[in-house]
Amino acid sequence: MEEQPAPDISLLAERYNPLEQRFRPEDSPFTTLFADITHRCNMACRNCYIPVRDLPDLPVDWLYDILARLPHRTRIRLVGAEPTMREDLPEIIAKVREMGHLPVVLSNGLKLGRASYVARLKEAGLGTCYLSLNGGLRDDLYLEIDELACADRKLKALDNLLAARIHVTTGTIIVPGVNDAHLPEFLEFLVAKGVRDIHLRSVGEVGNYMQGKSLRLDALEEIFRASLPASLPQPELIGEYGSSRDFRAGRVSIQLTEWPELGSLERGRITPDGWLEPMFESIVANAGHY
Ligand code: SF4
């Protein structure tokens, strides 16, 4: 394989441990790519797959060069740590759109509590936001899982996104013995709000995580089925691949995922030396570094 030019983010590249299975941007097989645009965050959750904070932000021109070389339209997941920590997030979203790709932001939602900021992201071209809601409706659960009582701010973010007509995917890590008993009430709330895309996943044993709380996919499904609100029809399994199961219940899609989700060539990650790697293999290989 020929070498790609390294970006001027030497600390990041220095810590990076390349995988054997990797692709040049021109040969990307991925429909979704994760771009870790910043390592800064305004939270300190107990389950954080990428807890390294002392790395520089990704230079945007370097990122745009990678995106320009992709062979097909790709969903670009702008992630962090927390992508809203970057002041230029609206410009990045606009540029990804302009280049013909689909920008998606994965956020903890703290900054999305401001309606004017959400409107700016929408105006820039944001169509989809993945919002993490690990504590559901309850401060005590956020405090236990994410070390911050932030239910009001998270729920305000959800309202703002829905009001701006940005498609919302909610993401909730199921921590047995902590938030599983709250799931029926929370699912009922989400369905009543009009959320159509709900992701539930296990605690992933990578980065920082709550010990002894990981679930296998069958256990996750058991909790999900025991938590169904009366307002939802019986979910139908519509797809199963690797570590994920997709369900449809009326107009609502539910995805269950056991983390890390290995062996998939759907989601890739842009590496600091300009290659693309399968997302979860990349995270596992670099746990605690990049
Ligand atoms: S999980 Fe997300 S919000 Fe929480 S500390 Fe990690 S990057 Fe920040």
Side-chain angles (χ1 to χ4, degrees), residues 9 12 15-16 32-58 76-87 89 92 103-114 117-118 121 126 128-136 138-158 160-161 168-175 178-179 198-211 213-215 255 257-261 267 269-270 272 279-280 282-284 286-290:
I9 37 180
L12 209 154
R15 294 189 185 181
Y16 181 66
T32 296
L33 277 178
F34 284 66
D36 305 55
I37 58 174
T38 182
H39 289 263
R40 292 177 283 145
C41 191
N42 47 4
M43 290 184 73
C45 308
R46 293 179 70 193
N47 299 296
C48 181
Y49 73 88
I50 183 163
V52 181
R53 296 282 167 264
D54 61 342
L55 290 171
D57 287 357
L58 208 61
I76 306 299
R77 286 191 165 207
L78 302 169
V79 296
E82 173 55 39
T84 60
M85 298 299 286
R86 281 193 71 139
E87 288 302 315
L89 182 61
I92 297 174
V104 177
V105 164
L106 277 68
S107 177
N108 62 29
L110 294 192
K111 291 205 173 178
L112 304 177
R114 250 191 312 132
Y117 180 63
V118 172
L121 299 186
L126 183 65
T128 302
C129 181
Y130 183 105
L131 178 65
S132 67
L133 294 171
N134 297 324
R138 285 176 36 186
D139 264 345
D140 61 322
L141 299 180
Y142 284 107
L143 199 54
E144 176 135 12
I145 300 169
D146 293 343
E147 306 263 7
L148 188 70
C150 53
D152 284 353
R153 291 159 82 182
K154 295 266 191 178
L155 299 176
K156 182 78 179 125
L158 178 62
N160 287 341
L161 290 164
V168 181
T169 300
T170 61
T172 302
I173 299 173
I174 301 299
V175 186
V178 181
N179 64 353
I198 298 170
H199 285 198
L200 306 175
R201 75 161 172 92
S202 65
V203 171
E205 295 182 337
V206 64
N208 289 343
Y209 60 91
M210 294 166 82
Q211 303 283 332
K213 296 292 188 185
S214 286
L215 294 168
Q255 185 176 76
T257 307
E258 178 186 318
W259 262 44
E261 186 184 8
R267 302 185 221 195
R269 187 185 197 196
I270 300 171
M279 169 67 182
F280 295 93
S282 182
I283 292 171
V284 171
N286 293 290
H289 299 281
Y290 163 57

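Both backbone and side-chain heavy atoms feed into the values below; hydrogens, waters and symmetry mates do not. In listed order, ligands and their atoms are each counted from 1.
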TODO: Heavy-atom distances under 4.0 Å are what count here, so tell me which part of Glu147 touches ligand 1: side chain, backbone, both or neither.
DONE: neither

TODO: Of all the heavy-atom pairs spanning Ser107 and Glu82, show the shortest one and how long it is.
DONE: OG-OE2, 2.8 Å

Task: Pi-cation contact, Tyr290 with Arg269 (under 6.0 Å, within 45°) - done: yes

TODO: Consider only side-chain N and O atoms of Asn108 and Ser132, and report whether a donor and an acceptor are under 3.5 Å apart.
DONE: no

Task: Distance flag for atom 5 (S) of ligand 1, protein heavy atom under 4.0 Å - done: yes

Open item on the list: Check for me whether Gly80 has a heavy atom closer than 4.0 Å to any atom of ligand 1.
Closed with: no

Open item on the list: Please determine whether any non-hydrogen atom of Asn47 lies less than 4.0 Å from an atom of ligand 1.
Closed with: yes

Task: Interatomic spacing from OH in Tyr130 to CG in Leu161 - rounded to 0.5 Å - done: 14.0 Å

- [ ] Check Ile174, Ile145, Val203 against Lys213 for a side chain to side chain contact (heavy atoms under 4.5 Å, CB included) and give me the one that passes.
- [x] Val203

Task: Distance from atom 7 (S) of ligand 1 to nearest protein heavy atom, with residue and atom - done: Ala81 CA, 3.3 Å

Task: N/O/S from Cys41 sitting under 2.8 Å away from atom 6 (Fe) of ligand 1 - done: no

- [ ] Measure the NZ-CG distance between Lys154 and Leu110 for me, rounded to the nearest 0.5 Å.
- [x] 6.0 Å

Open item on the list: Would Met85 count as a contact residue for ligand 1, given that I'm defining contact as a non-hydrogen atom of the residue lying under 4.0 Å from a ligand atom?
Closed with: no

